[in-house]
2 protein chains.
Amino acid sequence: MYLRALTALAESGIRTCSSEDLAVAAGVNSAKLRKDLSYLGSYGTRGVGYDVDYLRYQIAREIGVTQDWPVVIVGIGNLGHALANYSGFRSRGFRVVALLDADPHVHDELVAGVAVRPFDDLEAIVAEHGVAIGVIATPAVAAQNVADRMVATGITSILNFAPAVLAVPDGVDVRKVDLSIELQILAYHEQRKAHDAGDPAAVPGVEEAAL
Amino acid sequence: MYLRALTALAESGIRTCSSEDLAVAAGVNSAKLRKDLSYLGSYGTRGVGYDVDYLRYQIAREIGVTQDWPVVIVGIGNLGHALANYSGFRSRGFRVVALLDADPHVHDELVAGVAVRPFDDLEAIVAEHGVAIGVIATPAVAAQNVADRMVATGITSILNFAPAVLAVPDGVDVRKVDLSIELQILAYHEQRKAHDAGDPAAVPGVEEAAL
DNA sequence: TAGATTGTTAATCGATTAACAATC
DNA sequence: TAGATTGTTAATCGATTAACAATC
């Protein structure tokens with residue numbers, strides 16, 4: 001987030017910024033920002049602030065954004081399509097080297113210039129490209145099996161879009177993105193707003209303190 | 001998450017479960033689960049556990065999943081397409097009532113059976129359908145303007161897929177999903193793994209304690 | 001009654017933030 | 001030197017979890 005905010009600052013011609021400036025741009029508290037940056041090193045100047053380009057470079061180097069990361073996407077439904085075409089991945093060093101799907105009907109179809117291949121090609125593709133990161137965009141029922149196969153082939157990081165809890169061995173990182181839970185959380189708060197406004201259709205709720 | 005885990009349990013024929021069972025299914029600690037449920041009420045039976053269907057009903061009622069939520073999606077690129085087609089929304093009570101885009105080239109195009117309309121139709125659509133939730137799937141530069149217009153029309157919950165920090169008034173909820181930051185976090189950990197394994201190409205990192 | 005499991009308390013843990021000495 | 005701002009400490013806050021009395 002800080003990297004992104006710094007890039008935006010640089011693009012608007014700003015060469016130097018204070019922790020307060022950057023914190024506002026990133027939407028966080030400035031003390032938190034300074035503490036976070038302190039884990040990377042001491043890249044600011046007291047009384048002056050941070051050199052935008054220099055800090056950008058240091059953060060980019062630290063988080064490995066300079067490397068090229070080959071990625072496979074499994075499950076080429078609507079979401080898989082969108083992910084394959086998502087420009088934000090490519091521009092941040094992620095290269096989609098293969099799209100896999102268990103359904104033969106979509107095989108050889110071109111998505112974002114890449115042909116969809118059978119899921120059983122996973123091992124060969126991971127070995128060929130040195131893939132470390134896999135993306136799961138399958139239905140929930142298929143996700144654990146896909147994860148198991150990914151782990152068996154040596155993938156150690158998984159981005160899971162399927163609404164399922166994955167069991168993986170130690171040393172494998174899983175991050176989960178659940179689009180409909182995000183909407184549900186918003187809907188819950190909407191309902192609470194209606195309730196607080198005295199709408200009689202709203203149900204009695206839990207303690208606000210718990211939220 | 002608990003609701004989803006309970007649904008999965010119910011579908012596999014399980015009628016009763018302990019907090020430990022449900023915690024495992026949801027991927028959390030059982031003490032946390034019991035504490036979370038305690039905010040809703042006291043729906044378990046000591047010595048026995050929870051009735052799956054009863055607890056499902058209570059959670060569903062509490063989070064408002066029984067209601068129908070009209071939603072507008074702004075920005076019909078790849079991601080907007082995928083979101084419009086995403087079956088997980090419809091099945092959880094979210095109804096996409098309109099797709100909006102500023103680009104006239106995509107107007108009247110049918111996506112998931114819904115015609116894309118001009119962004120300027122926002123006010124009319126929100127008023128007509130009583131929309132409270134908006135989804136932003138535009139490029140980052142357009143996001144703040146879209147959010148401002150949404151807020152002006154009375155939308156009070158925004159799901160933001162654009163990589164931008166949105167400024168909104170108090171009382172408006174924003175949730176942000178940033179797909180490439182998720183991948184970047186995985187890539188960061190991958191880099192750390194390579195570093196810890198002694199790969200000389202890996203850069204020196206921050207303290208593990210900070211992660 | 002004995003065993004099991006909840007609901008809740010209190011302890012622990014970690015993240016956030018205010019405050020300020022260091023220093024440009 | 002005076003003003004500004006970092007880097008870091010210590011306080012605060014909130015979330016997680018262990019432990020256990022309540023009770024089925």
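Numbered from 1 within each chain, the chains take letters A, B, ... in sequence-line order. Keep in mind that this is a model prediction, so the values were computed, not measured.
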Tell me: [atom1] of [X] to [atom2] of [N], nearest whole Å?
{"X": "Lys35(B)", "N": "dT9(C)", "atom1": "NZ", "atom2": "C1'", "result": "8 Å"}
{"X": "Leu55(B)", "N": "dT6(C)", "atom1": "CG", "atom2": "P", "result": "11 Å"}
{"X": "Leu33(A)", "N": "dA15(C)", "atom1": "CG", "atom2": "C1'", "result": "15 Å"}
{"X": "Asp36(A)", "N": "dT17(C)", "atom1": "CG", "atom2": "P", "result": "11 Å"}
{"X": "Tyr43(B)", "N": "dC24(D)", "atom1": "OH", "atom2": "P", "result": "17 Å"}
{"X": "Asn29(A)", "N": "dT6(D)", "atom1": "CG", "atom2": "C1'", "result": "14 Å"}
{"X": "Leu37(B)", "N": "dT16(D)", "atom1": "CG", "atom2": "P", "result": "14 Å"}
{"X": "Glu20(B)", "N": "dT6(C)", "atom1": "CD", "atom2": "C1'", "result": "13 Å"}

Pair assignment for dA21(C), Watson-Crick or G-U wobble, requiring both distances under 3.5 Å:
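Paired with dA21(C), as far as the under-3.5 Å criterion goes, is dT6(D).
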Using Watson-Crick or G-U wobble geometry with both distances below 3.5 Å, tell me the partner of dA11(D), or none.
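Result: dT16(C).
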Is any side-chain N of the basic residue among Glu123(A) and Arg149(A) closer than 4.0 Å to the acidic one's carboxylate O?
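Counted as a salt bridge, because a side-chain N and a carboxylate O are separated by less than 4.0 Å.
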Residues Lys193(A), Asp173(B): salt bridge by 4.0 Å N-O rule
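Answer for the salt bridge query: yes.
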Side-chain N or O of [X] versus OP1/OP2 of [N]: is the shortest distance under 4.0 Å?
{"X": "Lys32(A)", "N": "dT17(C)", "result": "no"}
{"X": "Ser19(A)", "N": "dT6(D)", "result": "yes"}
{"X": "Ser42(B)", "N": "dG7(C)", "result": "yes"}
{"X": "Tyr50(A)", "N": "dG7(D)", "result": "yes"}

Do you know which of Val52(A), Leu55(A), Val24(A) makes side-chain contact (heavy atoms from CB on, under 4.5 Å) with Cys17(A)?
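Of Val52(A), Leu55(A), Val24(A), side-chain contact (heavy atoms from CB on, under 4.5 Å) with Cys17(A) is met by Val52(A) alone.
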Taking the six-membered ring for Trp and the single ring otherwise, decide whether the centroids of Tyr57(B) and Tyr54(B) are under 6.0 Å apart.
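Here the rings of Tyr54(B) and Tyr57(B) have centres that are no less than 6.0 Å from each other.
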Would you mind telling me which of Lys176(A), Arg175(A), Arg92(A) makes a salt bridge (charged side-chain N to carboxylate O under 4.0 Å, His left out) with Glu182(B)?
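Testing each of Lys176(A), Arg175(A), Arg92(A) against Glu182(B), the sole residue satisfying salt bridge (charged side-chain N to carboxylate O under 4.0 Å, His left out) is Arg175(A).
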Pair of N/O donor and acceptor under 3.5 Å linking dT6(C) base with Arg46(B) side chain
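Checked by distance alone, the answer is yes.
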Give the nucleotide from the list [options] with an atom nearest to the side chain of [X].
{"X": "Ala31(B)", "options": "dT23(D), dT17(C), dA18(D)", "result": "dA18(D)"}
{"X": "Arg34(B)", "options": "dA19(D), dA21(D), dT16(C)", "result": "dA19(D)"}
{"X": "Thr45(B)", "options": "dT17(C), dC24(D), dC24(C)", "result": "dC24(D)"}

